[in-house]
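Got a structure for you, questions after.
By convention in this document, chain letters (A, B, ...) are assigned in the order of the sequence lines, proteins followed by strands, and residues within each chain are numbered from 1. If you're wondering where the values come from, they're calculated on a predicted model, not measured in any experiment.
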Amino acid sequence: MRLKIPANFRIVRLPCTGKVDIIHILRAFEKGVDGAFVVGCMEGDCHYNEGNFRARKRVEQAKVILDKVGVGGERVKMFNLSSGEGPLFAQYAIEMDNKIKELGPSPIRLAKQKKAKTAA
Amino acid sequence: MIIAKKKPIEEIIGEVENYDRLLILGCNECVTVCEAGGKKEVEILASALRMNFMAKGKEKVIDEKTLERQCDHEYLEEIRANIDKYDAIVSLACGVGVQFAAEKYQTMPLIPGVNTVCLGANEDRGLWTERCQACGSCILARTGGICPVSRCAKRVMNGPCGGSTKGKCEISKDVDCAWQLIVDRLKALNKMDDYEIVAPIKDWSTDRAGGPRKVTREDVKI
Ligand code: SF4
Ligand code: SF4
């Protein structure tokens, strides 16, 4: 299965989405990412029972924080699919890519670029 | 333990807006257990503040530290050597910790990052509930181990009152009637005779009515 997916995102592999913490998401944004999405197994199918439910809660919390600090909560999203659904993964990646392009660069990245420019 | 709740980020942002060098100071005890002011919450708040200021084009120092306790000289001393590096401290400890830090560092502005709520138990994941109001003279021996001071809305000493309905308090159908709980437990203990004893008037001088309280132990003082 050779599917086309956007080439502008990096995959961080985890044993289970239950490993995702709010701080991981926030740190990514602090470093300047424009968006992040968490892809977990189907709800009810977690090998550790509730890992993906925990992830969803944390993504929701990160969303609230990102909204409040002026970065924008819509830049982070949780998706669920089963490990056999490659095409769906590609579809979600494209969906997220389009969404982020529509939103434009994150204000943190812009601030970092500006700072680098003035320093140069 | 002491139960606290995180303050809304926007409130903290408003308080720290005018400071350029901040220390976010967590506490490893009660507030860690109730997920309001431990190391994790320090990391999250610090990251959120950094992003907020970055997005506004402001450059600020936001450092993180979590002490074993903030209600003890010993641990609070750990920040003394670096205290001059900051313009203000956001303390995520309970009100006790914030005040103790403020007393120790007279010229350092202290901003509370949590609202201190009550003395309570970790009842369930994500649920903390009040159990004690530190009245200073505990009557749990007589009330089946259930506290009418903290759990009865009227602090009735010979309850229940007339508002108790189907085991619930008249203030809300979601609140158990403390006296129903007391009766149920006395029954389970086979101690309903205790229920018949009219409680003497409670001495409230040991409660807040007597002003700020203190415990002095000559036997342990050095
Ligand atoms: S400062 Fe408050 S939260 Fe921290 S240990 Fe002391 S009483 Fe508990
Ligand atoms: S009777 Fe007083 S000391 Fe005992 S649990 Fe209730 S409030 Fe706390």
Less than 4.5 Å to any heavy atom of chain B: does that hold for the side chain of A/Leu110, its backbone, both, or neither? neither
What pair of heavy atoms forms the shortest contact from A/Val69 to B/Met51, and how long is it? CG2-CB, 4.2 Å
Counting only heavy atoms not in B/Lys58 (residues, nucleotides, ligands), do more than 12 fall under 6.0 Å from its NZ? yes
Largest heavy-atom contact set with chain B, pairs under 4.5 Å, which of A/Asp21, A/Val64, A/Val71, A/Leu26: A/Leu26
So what's closer than 4.5 Å to chain B heavy atoms on A/Ile22: side chain, backbone, both or neither? side chain
In this structure, are over 12 heavy atoms from other groups packed under 6.0 Å from B/Arg80 atom CZ? yes
Measuring from atom NZ of A/Lys68 to atom CD of B/Glu11, what distance do you get when rounded to the nearest 0.5 angstrom? 10.0 Å
Counting heavy atoms not belonging to B/Lys104, are there more than 12 under 6.0 Å from its NZ? yes
Turns out that what part of B/Ile13 lies under 4.5 Å from chain A's heavy atoms comes down to side chain
Could you grab the distance from atom OG of B/Ser47 to atom NZ of A/Lys31, nearest 0.5 Å is fine? 10.5 Å
Rounded to the nearest 0.5 Å, how far apart are CD1 of B/Ile9 and CG of A/Asp67? 10.5 Å
Can you find a pair of side-chain heavy atoms, one from A/Glu30 and one from B/Met54, that are under 4.5 Å apart? yes
Please check if atom NZ in B/Lys60 has more than 12 non-hydrogen atoms from other residues, nucleotides or ligands closer than 6.0 Å. yes
Close side-chain approach of A/Ile23 to B/Lys40, heavy-atom, < 4.5 Å: no
Counting heavy-atom pairs under 4.5 angstrom with chain B, the leader among A/Lys112, A/Lys114, A/Arg27 is A/Arg27
